[in-house]
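Notes follow once the structure below has been shown.
Counting from 1, the numbers follow the sequence of the chain as shown. Atom set for the values below is all heavy atoms of this structure, side chains included, hydrogens, waters and symmetry mates excluded.
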Amino acid sequence: MKPQYEGWYMKQQQGDDVFAVIAGRSTEEAYLQIVTPNESHFIPYPLASFRHHEKSLQVGESFFTPAGMNLHVHEPGIDIEGRFQFSNLTPLRYDIMGPFALLPMETKHIVFSMRHRVEGTVTFNGKTHPFHNAVGYMEGDQGHSFPQGYTWLQSVDLPHNASVMLAIATIPLGLIHFTGCIGVVSLDDKEYRFATYLGVHIEQSSETYVAVSQGELQLRVDIPKTRGHRLQAPLQGTMQKPIRESPAVPARFLFKKGEKTLLESEDALTSFEYVKP
């Protein structure tokens with residue numbers, strides 16, 4: 001069996017403030033990664049400090065569940081105390097991987113909640129960040145490596161209680177490679193899904209523009225070029241692949257069904273990763 005990793009991504013957003021946490025483990029260590037509009041941090045832990053129960057993770061003294069998280073981080077240069085409660089989660093109707101969940105993919109994705117309510121406070125290196133009636137997003141990954149090249153974006157603060165997640169990646173499967181896509185627009189309590197297994201057409205995917213269509217559905221995202229903050233991503237089960245994430249990009253979204261525009265808006269705090277193949 002190839003070396004494995006797993007991790008959860010939890011994004012909290014209040015006004016112009018974003019506090020995102022990635023909790024997980026590789027074959028060598030457990031870790032937390034903290035991402036804000038201004039900085040990012042990778043915090044390693046002994047692998048023995050990691051626990052994964054059916055619906056919860058523990059890394060060091062910090063605990064994570066789909067209902068919230070408790071953060072207790074006291075390491076050189078990093079001091080974090082916080083507690084968040086999640087409610088009104090928006091899970092998907094079925095696995096975002098669809099039939100690909102049954103295949104030996106190098107990484108598999110799960111969306112826990114497209115949008116939910118966040119209540120809580122975190123004190124990060126002496127500065128307190130309140131999140132009251134805030135919004136959140138939660139997803140996870142597991143496997144042995146992130147794709148060689150991919151585009152990932154996520155926005156959770158759009159009109160009509162909308163949230164968007166889209167991922168386009170170079171996928172190895174046995175002796176072949178193909179470009180795959182998974183994505184969801186959650187809008188007015190409806191789920192609009194884009195996926196390779198549903199016949200999505202990837203019109204363009206670059207570091208400044210993404211366009212996909214599927215039947216009558218069309219999604220366009222304009223993204224200003226940005227460098228982002230350094231994060232560590234899995235490569236053969238270890239967190240050795242440097243990538244960059246921008247957690248506060250003023251991306252513009254246009255979502256249409258046929259000639260009808262269902263969503264046209266900008267979110268100044270869109271999360272975005274682009275790794276060139």
Margin query: In this structure, is the centre-to-centre distance between the rings of Phe50 and Tyr45 below 6.0 Å?
Written below: no
Next item on the list: Please name the pair of heavy atoms, one in Thr107 and one in Ser145, separated by the smallest distance, quoted to 0.1 Å.
Entry: CB-O, 3.4 Å
Notebook entry, point to check: Which atoms form the tightest heavy-atom contact between Arg220 and Ala211, and what is the distance?
Noted result: CD-CB, 3.5 Å
Check: Taking the six-membered ring for Trp, are His129 and Phe124 parallel (under 30°), tilted (30 to 60°) or perpendicular (over 60°)?
Finding: tilted
Margin query: What I'd like to find out is whether the side chain of Phe86 reaches to under 4.5 Å of the side chain of Ser113, using heavy atoms alone.
Written below: no
Check: How are the rings of Tyr197 and Tyr94 set relative to one another: parallel (under 30°), tilted (30 to 60°) or perpendicular (over 60°)?
Finding: tilted
Notebook entry, point to check: Nearest heavy-atom pair of Gln148 and Val275: which atoms, and what distance?
Noted result: O-CG1, 3.5 Å
Note to self: Please find the pair of heavy atoms, one from Phe272 and one from Ser206, that lie closest to each other, and give the distance.
What the structure shows: CZ-O, 4.1 Å
Next item on the list: Taking the side chain as every heavy atom from C-beta outward, state whether Pro242 and Gln232 have any atom pair closer than 4.5 Å.
Entry: yes
Margin query: Heavy-atom count check: over 12 atoms from other residues, nucleotides or ligands less than 6.0 Å from Arg83 CZ?
Written below: no
Next item on the list: Answer yes or no: is there a side-chain heavy-atom contact under 4.5 Å between Phe100 and His109?
Entry: no
Next item on the list: Would you mind reporting whether Leu262 and Lys190 have side-chain heavy atoms less than 4.5 Å apart?
Entry: no
Item checked: Contact summary for Pro250 and Glu266, nearest pair of heavy atoms -> CB-OE2, 3.7 Å
Note to self: Quick check: Phe255 with His160 (ring centres under 6.0 Å apart)?
What the structure shows: no
Check: Any chance CG of Asp188 has more than 12 other-residue heavy atoms, nucleotides or ligands included, within less than 6.0 Å?
Finding: yes
Notebook entry, point to check: Has the side chain of Gln58 got a donor or acceptor atom that lies under 3.5 Å from a matching backbone atom of Arg51?
Noted result: no
Check: Do other residues, nucleotides or ligands put more than 12 heavy atoms under 6.0 Å from the CD atom of Glu191?
Finding: yes
Check: If only atom types and distance count, is the side chain of Ser163 paired as donor or acceptor with the main-chain N or O of Ser155 below 3.5 Å?
Finding: yes
Checklist line | Tyr9 and Trp152 aromatic centres sub-6.0 Å | finding: yes
